[in-house]
Amino acid sequence: MTAYANFPGSRPRRLRTTPTMRRMVAETRLDPANLILPAFVREGIDAPVAISAMPGVHQHTLDTLRKAAVEAVSAGVSGIMLFGVPEDGKKDARGTAGTDPDGILQVALRAVREEVGDELVVMSDLCLDEFTDHGHCGVLDADGRVDNDATLERYAEMAQVQADAGAHVVGPSGMMDGQVGVIRDSLDQTGHEDVSILAYTVKYSSAFYGPFREAVGSSLTGDRKTYQQDPANARESLRELALDLAEGADMVMVKPAGPYLDILAKVAESVDVPVAAYQISGEYAMIEAAAEKGWIDRDKAIVESLTGIRRAGAQMILTYWATEAAQWLGHGRG
């Protein structure tokens, strides 16, 4: 025992003594309102289809999508981000099903708005990859490369039809140069000044997207390295951020979340607009797989991962656990 009666002079453990004490002094709060549920709706099915690499996640029918939206509202979730999965025969080189007013994504937007109105912020993925037969996020040129400016024309059309269908927010995810500005102009010129843009400002070319390809029935061969960001780069993210803000982004996103918390923190420190992060399919699959093996405590790992994203600066987190986690948090389990 030390001879110094007042050693140690500082005892941080005093603030960790009980669950109530720890909750009172917690520096980061995770709340259901921070959560957004990504959801897939598939054309031509009459029952939900399980996604094998994402246990517990399904491709929805319109009916089950409506139910999922209601459950999200009941749990206190703030938003839902919709991804449409068309029938394979409706895919083509220009992704025309993505701009068809009666395409699956637009039908789903109308169905969810009809079901929950303004009780959820209804968001739509604004990208062509689900709808093209080549699986890329844009239109290809004669050499098979993604044509940035021709793709922007398609994005302008998508923005209008998604807003017409009831989207509160559009989320351009294709990483085309100039996409936010073109979409903002399209929305404003068609009477949709109140529709917000959640810019996928920082979207890395990531190995963690693997399960998502199954979720949206992707037709992609090759990769998206010519338009998604290189995981080695950080300063580039801040350049993308400055461009999106100058073009009119209302909110900005970092995707993936977990492997890029350093980038998320840089973005959050740099802006005065809301910041989102997307906990993507591979992040979800890793925790579910490890929990299935009995290697980790599933529920605690989920909350810890979400808290880390929130601590890094995300005000909004897109996560496939949104409704489940919100139910826990609403009952004090967080």
A.B. asks: I'd like to know if Ile263 and Leu238 are part of one continuous hydrophobic network [Ile/Leu/Val/Met/Phe/Trp/Tyr, side-chain heavy atoms within less than 4.5 Å].
C.D. replies: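 In one cluster with Leu238: Ile263, yes.
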
A.B. asks: Are Leu35 and Leu261 joined in one hydrophobic group, where the rule is that I, L, V, M, F, W and Y side chains link up if heavy atoms are under 4.5 Å apart?
C.D. replies: yes

A.B. asks: What distance do Leu264 atom CG and Arg311 atom CZ have between them, rounded to the nearest 0.5 Å?
C.D. replies: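 It is 10.5 Å, given to the nearest 0.5 Å.
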
A.B. asks: Indicate the atoms forming the closest heavy-atom contact of Met251 with Ser196, along with that distance.
C.D. replies: CE-CB, 4.0 Å

A.B. asks: Can a side-chain donor-acceptor contact be found between Asp147 and Thr151 if the only test is distance below 3.5 angstrom?
C.D. replies: no

A.B. asks: Looking only at non-hydrogen atoms, find the nearest pair between Leu198 and Ala276 and report the distance.
C.D. replies: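 Smallest interatomic distance, heavy atoms only, reads CD1-CB, 4.1 Å.
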
A.B. asks: So do Asn34 and Met316 actually touch side chain to side chain, heavy atoms under 4.5 Å?
C.D. replies: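 Not in contact.
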
A.B. asks: Are Ile280 and Ile51 connected in the hydrophobic side-chain network, where two residues link if heavy atoms are under 4.5 Å apart?
C.D. replies: yes

A.B. asks: Could you tell me whether a side-chain N or O of Asp92 sits under 3.5 Å from a main-chain N or O of Thr96, the two making a donor and an acceptor?
C.D. replies: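 Yes, because the side chain of Asp92 sits within donor-acceptor range (under 3.5 Å) of the backbone of Thr96.
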
A.B. asks: What's the separation between atom CD1 in Ile45 and atom CD in Gln59, rounded to the nearest 0.5 Å?
C.D. replies: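 Separation between the atoms: 6.0 Å.
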
A.B. asks: Check the orientation of Tyr278 and Tyr320. Use parallel for under 30°, tilted for 30 to 60°, and perpendicular for over 60°.
C.D. replies: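 Tilted: the ring planes of Tyr278 and Tyr320 meet at 30° to 60°.
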
A.B. asks: Regarding Ser237 and Gln229, is there a side-chain donor-to-acceptor distance under 3.5 Å anywhere?
C.D. replies: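 Gln229 and Ser237 do have a side-chain donor-acceptor pair below 3.5 Å.
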
A.B. asks: Can you give me the closest heavy-atom contact between Val170 and Ala167, atom names plus distance?
C.D. replies: CG1-CB, 4.4 Å

A.B. asks: Knowing that exactly one of Val195, Asp188, Leu126 qualifies, which makes a side-chain contact (heavy atoms from CB on, under 4.5 Å) with Ile183?
C.D. replies: Leu126

A.B. asks: Can a donor-acceptor pair be found between the side chains of Tyr260 and Ser206 at a distance below 3.5 Å?
C.D. replies: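 No.
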
A.B. asks: As an exercise, state the distance from CD of Gln106 to CG of Asp102, rounded to the nearest 0.5 Å.
C.D. replies: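 Reported value, rounded in 0.5 Å steps: 8.5 Å.
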
A.B. asks: Would you please test Asp100 and Lys90 for salt bridge (Lys or Arg N to Asp or Glu O under 4.0 Å) and show each step?
C.D. replies: CA-CA 11 Å; Asp100 180 351; Lys90 294 185 178 179; over 6 Å; no

A.B. asks: In Å, rounded to the nearest 0.5 Å, how long is the span from CH2 of Trp328 to OG1 of Thr323?
C.D. replies: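 With rounding to 0.5 Å, CH2 (Trp328) is 11.5 Å from OG1 (Thr323).
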
A.B. asks: Are any of the side-chain heavy atoms of Glu115 and Val70 separated by less than 4.5 Å?
C.D. replies: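 Counting from C-beta outward, Glu115 and Val70 do come under 4.5 Å.
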
A.B. asks: Any luck finding a side-chain donor-acceptor pair between Thr61 and Arg42 under 3.5 Å?
C.D. replies: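 No pair is found: no donor N or O on one side chain lies under 3.5 Å from an acceptor on the other.
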
A.B. asks: Which distance, rounded to the nearest 0.5 Å, do you find between the CE of Met54 and the OH of Tyr284?
C.D. replies: 6.5 Å

A.B. asks: Going by an N to O cut-off under 4.0 Å, is there a salt bridge joining Glu71 and Arg66?
C.D. replies: no

A.B. asks: Identify whether the distance between the nearest side-chain nitrogen and carboxylate oxygen of Arg29 and Asp31 falls below 4.0 Å.
C.D. replies: no

A.B. asks: Under the criterion salt bridge (Lys or Arg N to Asp or Glu O under 4.0 Å), I'd like the reasoning laid out for Glu153 against Arg94: C-alpha separation, chi angles, the key distance, then a yes or no.
C.D. replies: CA-CA 11 Å; Glu153 295 179 13; Arg94 293 182 56 80; 5.4 Å; no

A.B. asks: What are the two closest heavy atoms between Tyr155 and Cys137, and how far apart are they?
C.D. replies: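 Looking at all heavy atoms of both residues, the shortest contact is OH-O, 2.6 Å.
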
A.B. asks: May I ask you to check whether Asp194 and His168 show a side-chain donor-acceptor distance below 3.5 Å?
C.D. replies: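 Distance-only check fails for Asp194 and His168.
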
A.B. asks: For the residue pair Ser305 and Gln279, confirm or rule out a side-chain donor-acceptor distance under 3.5 Å.
C.D. replies: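 Distance-only check passes for Ser305 and Gln279.
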
A.B. asks: Heavy atoms, side chains only, cut-off 4.5 Å: are Thr201 and Val254 in contact?
C.D. replies: no

A.B. asks: Is there a path of hydrophobic side-chain contacts, each under 4.5 Å between heavy atoms of I, L, V, M, F, W or Y residues, that connects Val122 with Val73?
C.D. replies: yes

A.B. asks: Look at the side-chain heavy atoms of Ile, Leu, Val, Met, Phe, Trp and Tyr, link any pair under 4.5 Å apart, and say whether Leu82 and Val161 land in one connected group.
C.D. replies: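 Unlinked, Leu82 and Val161 end up in two clusters.
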
A.B. asks: Hey, are the side chains of Glu240 and Met175 touching, using non-hydrogen atoms and a 4.5 Å cut-off?
C.D. replies: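 Yes, at least one pair of side-chain atoms sits under 4.5 Å.
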
A.B. asks: With no hydrogens and no angle check, is any side-chain donor or acceptor of Thr64 less than 3.5 Å from a backbone partner on His60?
C.D. replies: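 Pair absent, no side-chain N/O of Thr64 close to backbone of His60.
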
A.B. asks: Got a salt bridge between Arg239 and Asp244, using NZ or NE/NH1/NH2 to carboxylate O under 4.0 Å?
C.D. replies: no

A.B. asks: Answer whether the closest heavy-atom distance between the side chains of Val252 and Leu241 falls below 4.5 Å.
C.D. replies: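 They are in contact (side-chain heavy atoms under 4.5 Å apart), so the answer is yes.
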
A.B. asks: Say you draw a straight line from CG of Leu245 to CG of Asp250; how long is it, rounded to the nearest 0.5 Å?
C.D. replies: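 That separation rounds to 10.0 Å.
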
A.B. asks: Provide the closest heavy-atom pair for Val275 versus Gly313 in the form atom of the first, atom of the second, distance.
C.D. replies: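 Val275 and Gly313 have their closest heavy atoms at CB-O, 4.0 Å.
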
A.B. asks: Would a 4.5 Å heavy-atom cut-off, applied to side chains only, mark Val267 and Met253 as touching?
C.D. replies: no

A.B. asks: I'd like to check Arg184 versus Ile197 (side-chain heavy atoms, cut-off strictly below 4.5 Å). Are they in contact?
C.D. replies: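 In short, these two side chains touch, coming nearer than 4.5 Å.
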
A.B. asks: Would you call Ser281 and Phe208 a side-chain contact if the rule is heavy atoms closer than 4.5 Å?
C.D. replies: no

A.B. asks: Between the side chains of Trp321 and Glu288, does any donor sit under 3.5 Å from an acceptor?
C.D. replies: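 Judged by distance alone, the side chains do pair up.
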
A.B. asks: Could you report the tightest heavy-atom contact between Gly44 and Glu87, atom names first, then the distance?
C.D. replies: CA-OE2, 3.6 Å

A.B. asks: Run the side-chain contact (heavy atoms from CB on, under 4.5 Å) test on Arg23 and Thr18 for me, step by step, so that the C-alpha distance in whole Å, both residues' side-chain angles and the decisive distance to 0.1 Å come before the verdict.
C.D. replies: CA-CA 9 Å; Arg23 186 179 69 221; Thr18 69; over 6 Å; no

